[in-house]
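One structure is given below, encoded as structure tokens.
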There are 2 protein chains.
Amino acid sequence: ESRVPLFASHQVGVSGVVIKEETKEVLVVQDKGRRYTLWKFPGGLSDLGEDIAKTAEREVFEETGLQTEFQSILAFRQQHDHPGAFGRSDIYILCRLKPLTFDLNPCVEEISACQWMKVEELKREVHASSITHRMAEIISFGLREGWDKVDICPTKMESIYKGKMFHMFNRPLH
Amino acid sequence: ESRVPLFASHQVGVSGVVIKEETKEVLVVQDKGRRYTLWKFPGGLSDLGEDIAKTAEREVFEETGLQTEFQSILAFRQQHDHPGAFGRSDIYILCRLKPLTFDLNPCVEEISACQWMKVEELKREVHASSITHRMAEIISFGLREGWDKVDICPTKMESIYKGKMFHMFNRPLH
């Protein structure tokens with residue numbers, strides 16, 4: 001029996017959780033043409049070879065026109081038989097982003113609504129999934145207790161394969 | 001331009017970091033037939049549809065004969081152009097496992113060496129990669145300060161897709 005996989009088993013999706021700290025608001029969008037109209041965080045699939053942080057920043061910019069800066073990973077999920085993953089599994093990663101601009105300019109082809117929403121309101125929002133509610137709790141906790149209580153942070157490291165670098169993500173050790 | 005990916009972009013590898021708390025030792029192996037002989041944590045690729053926790057427990061059992069129980073995720077890495085990933089990218093996840101048995105019975109086809117090693121020794125071990133050294137630091141910190149300072153923990157949640165469940169991983173909120 002061959003141990004070599006025929007091809008990769010997972011797609012990787014990344015969302016950007018963009019937080020305005022002063023007003024305790026978070027950026028949410030509604031996708032066009034979906035069966036369920038849910039408030040969610042802007043995001044999409046990683047391009048081949050694209051870093052997680054880059055996917056988050058790129059997707060937020062494409063969908064909302066906002067420029068942001070990656071800060072950390074807050075959470076991730078593994079789901080099997082994900083609809084839209086063509087029989088593959090899905091790893092979905094939620095990144096905390098700092099907004100660098102504030103004017104919303106949503107992509108009319110992909111997005112039907114786009115706004116800043118109070119985190120406390122998102123916790124109770126009926127048109128949102130369980131994962132979005134859970135994220136609202138994590139954001140709320142981070143706003144109250146400090147991001148160093150929720151962040152999973154990258155360290156750039158050298159691979160054993162010459163010239164290659166990678167990012168390792170873990171909780172800061174303090 | 002189509003936004004649909006031709007197929008999944010990532011393979012997912014999982015290793016098990018099995019820790020004997022009383023002796024501050026961790027389970028390490030050397031793979032057979034590799035160019036570099038390095039001490040590493042037992043692990044391998046996720047089968048299609050297999051949970052991260054399951055892959056860690058299965059690979060540790062297959063490679064070392066040890067039965068274990070998944071506790072948490074300690075760290076993960078994204079690497080592009082990973083040799084052996086057929087041009088795909090690689091997500092490598094390191095899980096903390098509790099040993100349920102202690103007798104080592106390594107797989108002679110895959111493993112050339114297998115032993116419990118003091119974590120402090122692994123930190124200084126020359127035949128280990130940067131990621132293994134970093135993990136030794138994380139384990140050492142967890143042994144000293146408590147696992148609640150390093151763990152990234154799963155919550156089982158219901159998907160918006162009826163009947164489907166998933167695991168969400170984040171830092172416990174306390």
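Every chain is numbered from 1 and lettered A, B, ... according to where its sequence line falls, protein lines coming before strand lines.
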Worksheet item: Relative to chain B, which of Glu137(A), His174(A), Met165(A) shows the most heavy atom pairs under 4.5 Å?
Response: His174(A)
Worksheet item: Which bit of Ile131(A) is near chain B, if near means a heavy-atom gap under 4.5 Å: side chain, backbone, both or neither?
Response: both
Worksheet item: Are Phe70(A) and Leu94(A) in one and the same hydrophobic cluster, where Ile, Leu, Val, Met, Phe, Trp and Tyr link if side-chain heavy atoms are under 4.5 Å apart?
Response: no
Worksheet item: Between Arg88(B) and Leu48(A), what is the shortest heavy-atom contact and its length?
Response: NH2-CD2, 3.5 Å
Worksheet item: According to a 4.5 Å side-chain heavy-atom criterion applied to Ile, Leu, Val, Met, Phe, Trp and Tyr, with indirect links allowed, do Ile93(B) and Ile19(B) form part of one hydrophobic cluster?
Response: no
Practice prompt. Heavy-atom distances under 4.5 Å only: say whether Leu74(A) touches chain B with side chain, backbone, both or neither.
Written response: backbone
Item to complete: Would you mind reporting whether His167(A) and Arg77(B) have side-chain heavy atoms less than 4.5 Å apart?
Response: no
Worksheet item: Is Glu158(A) atom CD crowded by more than 12 heavy atoms from other residues, nucleotides or ligands, each under 6.0 Å away?
Response: no
Fill in: Proximal component of Asp47(A), with respect to chain B [non-hydrogen, under 4.5 Å]
neither
Discussion item. When you measure from the side chain of Arg171(A) to the backbone of Arg171(B), do you find a donor-acceptor pair of N or O atoms at a distance under 3.5 Å?
Written reply: no
Practice prompt. Could you have a look at Leu38(A), Ile73(A), Asp151(A) and say which one has the most heavy-atom pairs with chain B under 4.5 angstrom?
Written response: Asp151(A)
Fill in: Nearest heavy atoms of Ser9(B) and Ser46(A), plus distance in Å
OG-O, 4.4 Å
Worksheet item: Are there more than 12 heavy atoms of other residues, nucleotides or ligands under 6.0 Å from atom NZ of Lys40(B)?
Response: yes
Worksheet item: Should we say atom NE2 of His127(A) is surrounded by more than 12 heavy atoms from elsewhere, each under 6.0 Å from it?
Response: no
Practice prompt. Please check if Leu27(B) and Leu122(B) belong to a single hydrophobic cluster, counting links between Ile, Leu, Val, Met, Phe, Trp and Tyr side chain heavy atoms closer than 4.5 Å.
Written response: no
Worksheet item: Which atom names give the shortest non-hydrogen contact between Phe166(A) and Gln78(B), and what distance separates them?
Response: CB-O, 3.5 Å
Discussion item. With a sphere of 6.0 Å drawn around NZ of Lys149(A), does it hold more than 12 non-hydrogen atoms of other residues, nucleotides or ligands?
Written reply: no
Worksheet item: What's the shortest heavy-atom distance between Ile152(A) and Phe76(B), and which atoms?
Response: CG2-CE2, 4.2 Å
Worksheet item: Above 12 or not: heavy atoms from other molecules or residues under 6.0 Å from NZ of Lys32(B)?
Response: yes
Practice prompt. Provide the closest heavy-atom pair for Met168(A) versus Ala75(B) in the form atom of the first, atom of the second, distance.
Written response: CE-CB, 3.6 Å
Fill in: Candidate pair Asn170(A) and Arg134(B), rule side-chain contact (heavy atoms from CB on, under 4.5 Å), full reasoning
CA-CA 10 Å; Asn170(A) 59 268; Arg134(B) 179 79 176 140; 3.5 Å; yes
Worksheet item: Gln11(A) versus His10(B): any side-chain heavy-atom pair under 4.5 Å?
Response: no
Discussion item. Are Phe141(B) and Val17(B) linked, directly or through intermediate hydrophobic residues, by side-chain heavy-atom contacts shorter than 4.5 Å (ILVMFWY only)?
Written reply: yes
Practice prompt. Mind ranking Gly49(B), Pro172(B), Gly44(B) by heavy-atom pairs under 4.5 Å with chain A and telling me who comes out on top?
Written response: Gly49(B)
Worksheet entry | Residue part contacting chain B, namely of Glu145(A), when any heavy atom lies under 4.5 Å | neither
Discussion item. Could you tell me if the side chain of Val150(A) sits less than 4.5 Å from the side chain of Leu173(B), heavy atoms only?
Written reply: yes
Item to complete: Let me know if Met157(A) has heavy atoms under 4.5 Å from chain B in its side chain, its backbone, both or neither.
Response: side chain
Discussion item. Would you say Ile91(B) ends up clustered with Phe169(B) if hydrophobic residues are merged whenever their side chains have heavy atoms under 4.5 Å apart, either directly or through other cluster members?
Written reply: yes
